[in-house]
Amino acid sequence: MERRQNQTPQGQIARVLVEFLEVAITAVVFLNGVYPSGAFERRRYRNVVIQRARHPQLRYYIHATVTGLLPFVQKGMVERVAVIFFNADNVPLEKFVFKLAVNQAYGSEVEEVDLEISLRSFLIKLSNSKSLSKGLPPDCRWEITAYFRSLPETGTSKEAELWIPTDTKQWQQPPLITPIKSMSSEPLCLQLYLEHPSLSESLL
C-alpha cells in the first residue's frame with residue numbers, strides 16, 4: 001500500500017492500464033474462438049463478468065507479455081498494443097488495437113476509481129463486439145505485438161531484452177478500421193479499434 005502511495009501518477013496509470021490490458025486481451029482471444037470455450041472460466045473483474053484463461057501456459061503468456069510492458073507504458077514509450085491473428089502464411093487477418101497515451105506532464109493525484117470505471121466500459125463494449133470479427137480459419141495463430149514510439153535500448157533493462165523486432169508481413173494497403181471504444185481525458189487517452197485488410201487486399 002505504501003508503494004502505491006509513493007508512485008508517480010504515471011506509475012499509477014501504468015499499473016491499472018496493464019492490469020486492464022491483461023483482462024482485455026484475454027477477452028479478445030476468447031471472443032475469437034481460437035480455443036474451445038472450456039479453456040476459459042468465468043470470473044469477475046471490476047464488477048464485470050470476464051473470461052480467465054484456465055491453461056497455465058496461455059495465462060502466463062498473456063500475463064508475462066503485458067506485465068513486461070509496465071515500465072515502458074509508465075515512461076510513455078508504448079503507442080499501441082495489438083492482438084494480431086494470422087493465417088497459415090503468417091499474413092495478418094485481423095488486429096484488435098489498443099492505442100494509448102499517458103500524459104507524462106501530469107502531476108496531480110490519479111483518481112483510480114474513475115480510471116477503473118472508464119476502463120470497465122471498454123470491457124463491456126468488447127464483450128459485445130463479437131459480430132465485428134469476420135471469422136478466423138481453424139489453423140490461425142495469434143500474438144501480442146507492442147508498437148513503441150521509441151525503441152527501448154537493449155542492455156538497459158531485462159524487460160527491453162524480451163521484446164524483439166517483428167517479422168510479421170504487413171498489409172500493402174491502408175486497413176479498414178472499425179472503432180469499438182475510446183476515452184480521452186487526463187491523464188490517459190485510450191482507443192480500441194479493429195483492423196481488417198482492405199477489400200482489394202483481402203481478395204488477393
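- Residues Val102 and Gln104 are in side-chain contact: their nearest non-hydrogen atoms beyond the backbone lie under 4.5 Å apart.
- To the nearest 0.5 angstrom, Asn128 atom CG is 11.5 Å from Lys181 atom NZ.
- The shortest non-hydrogen separation linking Pro174 to Ser198 is O-CB, 3.6 Å.
- Between Phe96 and Trp142, the gap from one ring centroid to the other reaches at least 6.0 Å.
- Taking CZ of Phe98 as the start and CG of Leu192 as the end, the distance is 5.0 Å to the nearest 0.5 Å.
- Considering only heavy atoms from C-beta on, Phe85 comes within 4.5 Å of Asn32 through its side chain.
- Criterion: ILVMFWY side-chain heavy atoms under 4.5 Å apart, direct or through other members. Under it, Val28 and Tyr60 are not part of a common hydrophobic cluster.
- Arg42 CZ: 12 or fewer foreign heavy atoms inside a 6.0 Å radius.
- When every heavy atom of Leu119 is checked against every heavy atom of Phe20, the shortest pair comes out as O-CE1, 3.4 Å.
- Here the side chain of Lys130 pairs a donor or acceptor atom with the backbone of Leu31 at under 3.5 angstrom.
- Residues Ser133 and Leu194 approach most closely at N-CD2, 4.2 Å, considering heavy atoms.
- In this structure, Gln12 CD and Leu188 CG are separated by 12.5 Å, a value rounded to the nearest 0.5 Å.
- Taken to the nearest 0.5 Å, the OH atom of Tyr193 stands 15.0 Å off from the CG atom of Leu132.
- In this structure, Leu21 is a member of the same hydrophobic cluster as Leu115, with clusters built from ILVMFWY side-chain heavy atoms closer than 4.5 Å.
- In terms of hydrophobic clustering, with Ile, Leu, Val, Met, Phe, Trp and Tyr side chains grouped at heavy-atom distances under 4.5 Å, Val97 and Leu17 are assigned to different clusters.
- Note: the hydrophobic cluster containing Ile50 also contains Tyr61 (ILVMFWY, side chain heavy atoms under 4.5 Å, direct or indirect links).
- A donor-acceptor contact shorter than 3.5 Å is absent between the side chain of Arg43 and the backbone of Gln51.
- Taken from CZ in Arg120 to CD1 in Ile124, the straight-line distance is 6.0 Å, to the nearest 0.5 Å.
- The shortest heavy-atom contact between Ala24 and Leu126 is O-CD2, 3.5 Å.
- Here the closest non-hydrogen pair linking Ile144 and Ile62 is CD1-CA, 4.2 Å.
- If you chain together hydrophobic residues whose side chains sit under 4.5 Å apart, Phe148 and Val18 fall into the same group.
- Here the side chain of Asn87 pairs a donor or acceptor atom with the backbone of Asp89 at under 3.5 angstrom.
- The closest donor-acceptor contact from the side chain of Ser121 to the backbone of Ser118 lies under 3.5 Å.
- Here the closest heavy-atom approach between residue Arg59 and residue Arg54 is recorded as NH1-O, 3.3 Å.
- Of the possible polar contacts, one joining the Gln10 side chain to the Asn103 backbone as a donor-acceptor pair under 3.5 Å is found.
- Side-chain atoms of Pro187 and Pro9, non-hydrogen and from C-beta on, never get closer than 4.5 Å to each other.
- Here His196 contributes atom NE2 and Thr178 contributes atom OG1; the two are 6.5 Å apart, rounded to the nearest 0.5 Å.
- Under the salt bridge (Lys or Arg N to Asp or Glu O under 4.0 Å) criterion, Arg46 pairs with Glu19, Glu116, sequence neighbours left out.
- The closest side-chain donor-acceptor pair between Arg141 and Asn90 falls under 3.5 angstrom.
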- request: Evaluate the criterion side chain to side chain contact (heavy atoms under 4.5 Å, CB included) for residue pair Leu190 and Lys99; output intermediate values, then yes/no.
  value: CA-CA 6 Å; Leu190 181 65; Lys99 185 175 182 181; over 6 Å; no

Which donor-acceptor pairs under 3.5 Å do the side chains of residues 70-80 make with protein atoms, sequence neighbours left out?
none

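- Counting heavy atoms from C-beta outward, Met183 and Phe122 have side chains that approach closer than 4.5 Å.
- Leu123 is not listed as a side-chain neighbour of Lys125, based on a closest heavy-atom distance of 4.5 Å or more.
- Side-chain atoms of Arg52 and Phe40, non-hydrogen and from C-beta on, never get closer than 4.5 Å to each other.
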- request: Take Thr65 and His63 through the test side chain to side chain contact (heavy atoms under 4.5 Å, CB included) and record every step on the way to the result.
  value: CA-CA 6 Å; Thr65 303; His63 173 77; over 6 Å; no

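- Qualifying side-chain contact (heavy atoms from CB on, under 4.5 Å) partners for Ala39, counting only residues two or more places apart in sequence or in other chains: Tyr35.
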